[in-house]
Amino acid sequence: MLNPLHLRTLVEVVRTGSFARAARRTGYTASAVSQQIAALERAVGTPLFEREAHGIRPTGTAFTIADRARDAIAVLDSLERDIRDVVQGRSGRLSLGTFPTAGERMVPHAVAELTRLHPTAEILLDEAEPDDLVPQVQSGDLDLALVFAYDLVPRVWPKELTVLPLVEETLALLLPRGHPALREDGVDVGELAEERWVATRPDTAGSTSLSRVCAAHRFAPRIAFRSNDYDVVQGLVAAGAGVAIVPGLAYQARDGVVGVPLAHTPSHRRVSALYRTANRNPLLPAAVDAFVLAGRGLQDRFVRADESVRRAADAGPEPSRRREEAS
């Protein structure tokens, strides 16, 4: 195999026409340059210079190899720059995994910050539930994944993964606007025992959390509809088809729905970033910082939203309903 160092030296010798001048340009001694050319000649199996009393003369083979070597050296130089950029985190590839609500509310802000700092980085994104994402992080297919766990459905993450808490979501109880259970002091979940409920699929942590919240109030929810699409869930609630409990990332104010933070029961979903502790991807620290920043912004909005929905709940039923009750 040809030595790139010897090829660089050959290019300089052909360009300058002298071992001595090539030595000055490369920083080697003339003897070292002569030894490198001799080694290259042995590798290619033919002399590359005619040695004369007063100098050297490149052979046709030397000119041919030097011309081709310039292209190869340019490629190697480019590769070296790319490697430096990757090692220093200026470029490279990062694989992210997320679940849908975080993909909508957190990932865009984090990715925007990451690409602002590393505009040439390639960001790959996959979307799935935590049970599907965790094995991909363990295998190295994903560099980082966003996952969640409910207070009432605790999880233990693999010990070889670093767990970084990002957001604590208050669960929101969704009721059709004007629902009679709305009170100035909040909502008593126990009064909803006879309601129809809208839940996620039976094998999800959200569905299990709902069952355990209701169990704490001594009833089992009567599930009428199931969907893992929280827009569908909120649409059903707005239409009066049922009531629901959703995590904070999934709740967005819309006509016909009132969201009230759950109280008097463990009522949070906690979002974390998972990554292999041994992962040395240079982009990973920047990605972690970007998600911490995105999580901090969301947490602040959750606090303001909780205060807002509490004020809405304190306002009681709609004016029309107040008039009906007063009559």
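Position 1 is the first residue of the sequence, and the numbers go up from there.
Of the candidates V13, I56, T61, V14, L48 forms a side chain to side chain contact (heavy atoms under 4.5 Å, CB included) with just one, namely T61. For the side chain to side chain contact (heavy atoms under 4.5 Å, CB included) with P176, the qualifying choice from V257, L182, V243 is V243, the only one to do so.
The heavy-atom pair separating L152 from S209 by the smallest distance is CD1-O, 4.0 Å. In terms of heavy-atom proximity, I245 sits nearest to W197 at CG1-CZ3, 3.8 Å. When all heavy atoms of A30 and A20 are compared, the closest pair comes out as CB-CA, 4.3 Å. Here the closest non-hydrogen pair linking T98 and G103 is OG1-N, 3.2 Å. Between R196 and A224, the shortest heavy-atom contact is CB-CB, 3.8 Å. Residues G259 and L174 share a closest heavy-atom pair of CA-CD2, 3.8 Å.
Linking ILVMFWY side-chain heavy atoms closer than 4.5 Å, directly or via other members, places V246 and L175 in a single hydrophobic cluster. Cluster annotation: V153 is not connected to V134 through the hydrophobic network of ILVMFWY side chains, with a link wherever side-chain heavy atoms come within less than 4.5 Å. Cluster membership for V147 and V167, using ILVMFWY side-chain heavy atoms within less than 4.5 angstrom, is not shared. L124 and M106 fall into different hydrophobic clusters, defined by Ile, Leu, Val, Met, Phe, Trp and Tyr side-chain heavy atoms under 4.5 Å apart, directly or through other members. A single hydrophobic cluster is seen to contain both L262 and V198, as judged by linkage of ILVMFWY side chains at heavy-atom distances under 4.5 Å, directly or through other members.
R15 CZ: more than 12 foreign heavy atoms inside a 6.0 Å radius.
Interatomic distance, L173 CG to H179 NE2, rounded to the nearest 0.5 Å: 8.5 Å. Rounded to the nearest 0.5 Å, atoms CZ (R105) and CG (L249) are 6.0 Å apart. From L114, atom CG reaches atom CG of L94 across 6.5 Å, with rounding to the nearest 0.5 Å. The CD atom of E122 sits 8.0 Å away from the OG atom of S95 when rounded to the nearest 0.5 Å. The distance from atom OG of S272 to atom CZ of F291, rounded to the nearest 0.5 Å, is 12.5 Å. For the atom pair L40 CG and I65 CD1, the distance stands at 6.0 Å (nearest 0.5 Å).
If you check the side chains of Q36 and T9, you find a donor sitting under 3.5 Å from an acceptor. Checked by atom type, the side-chain pair T162/T277 shows a donor-acceptor distance below 3.5 Å. D141 and S139 share a side-chain donor-acceptor pair at under 3.5 Å. No side-chain donor-acceptor contact under 3.5 Å links E191 and H217. Between the side chains of E160 and Q138, at least one donor-acceptor pair of N or O atoms lies under 3.5 Å.
In this structure, the side chains of V111 and T115 come closer than 4.5 Å at one or more pairs of heavy atoms. Proximity of R155 to Y150: side-chain heavy atoms (C-beta onward) are nowhere separated by under 4.5 Å. Annotation: side chain of H6 is not in contact with side chain of L10 (no heavy-atom distance under 4.5 Å). In this structure the side chain of H268 never reaches within 4.5 angstrom of the side chain of L171, judged on heavy atoms. Between Y275 and V163, every side-chain heavy-atom pair lies at or beyond the 4.5 Å cut-off. Residues L125 and V107 are in side-chain contact: their nearest non-hydrogen atoms beyond the backbone lie under 4.5 Å apart. By the 4.5 Å heavy-atom criterion applied to side chains, R269 and T101 are counted as neighbours. At a threshold of 4.5 Å between non-hydrogen side-chain atoms, the residues V137 and L144 do not count as touching.
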F49/F19 under ring-ring contact (aromatic ring centres under 6.0 Å, His included): CA gap, chis, key distance, verdict | CA-CA 11 Å; F49 294 92; F19 286 174; 5.8 Å; yes

Show the numbers, then the answer: is there a side-chain hydrogen bond (donor to acceptor under 3.5 Å, both in side chains) between R226 and S207?
-> CA-CA 9 Å; R226 291 189 185 272; S207 180; 3.1 Å; yes

Let me see the working for L164 and L166 under side-chain contact (heavy atoms from CB on, under 4.5 Å), right down to the final yes or no.
-> CA-CA 6 Å; L164 180 66; L166 296 175; 4.2 Å; yes

Passes side-chain contact (heavy atoms from CB on, under 4.5 Å), L210 versus I223? Steps please.
-> CA-CA 10 Å; L210 169 63; I223 308 297; 3.8 Å; yes

Would D151 and R212 satisfy salt bridge (Lys or Arg N to Asp or Glu O under 4.0 Å), going step by step from the backbone distance to the final call?
-> CA-CA 10 Å; D151 283 349; R212 292 178 180 176; over 6 Å; no

After noting the C-alpha distance and the side-chain angles of R24 and T29, does the key distance pass the side-chain contact (heavy atoms from CB on, under 4.5 Å) rule?
-> CA-CA 7 Å; R24 287 194 293 271; T29 65; over 6 Å; no

side-chain contact (heavy atoms from CB on, under 4.5 Å) between T59 and T64, worked out | CA-CA 9 Å; T59 65; T64 299; over 6 Å; no

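A donor-acceptor pair is defined here as one N or O able to donate and one able to accept, closer than 3.5 Å; no such pair exists between the side chain of R270 and the backbone of E168. Looking only at distances, no side-chain donor or acceptor of E129 sits under 3.5 Å from a matching main-chain atom of T204. In this structure a side-chain-to-backbone donor-acceptor pair under 3.5 Å is present from T26 to A22.
Look at R51 and E41 and you find a salt bridge, because one of the NZ, NE, NH1 or NH2 atoms lies within 4.0 Å of a carboxylate O, short of that distance. Between R70 and D67, at least one side-chain N (NZ, or NE/NH1/NH2) sits under 4.0 Å from a carboxylate O, which counts as a salt bridge. Under 4.0 Å is where a charged nitrogen must lie from a carboxylate oxygen, and between R57 and E52 at least one such pair does. Using a 4.0 Å cut-off between charged side-chain N and carboxylate O, R280 and D143 make no salt bridge.
For the side chain to side chain contact (heavy atoms under 4.5 Å, CB included) test, residues two or more places apart in sequence or in another chain that qualify with A128 are D132, L133. When the side-chain hydrogen bond (donor to acceptor under 3.5 Å, both in side chains) test is applied to R25, the partners found at least two apart in sequence or on another chain are E12. Applying the side-chain hydrogen bond (donor to acceptor under 3.5 Å, both in side chains) rule to R8 yields the partners D77; only residues at least two apart in sequence or on another chain are considered.
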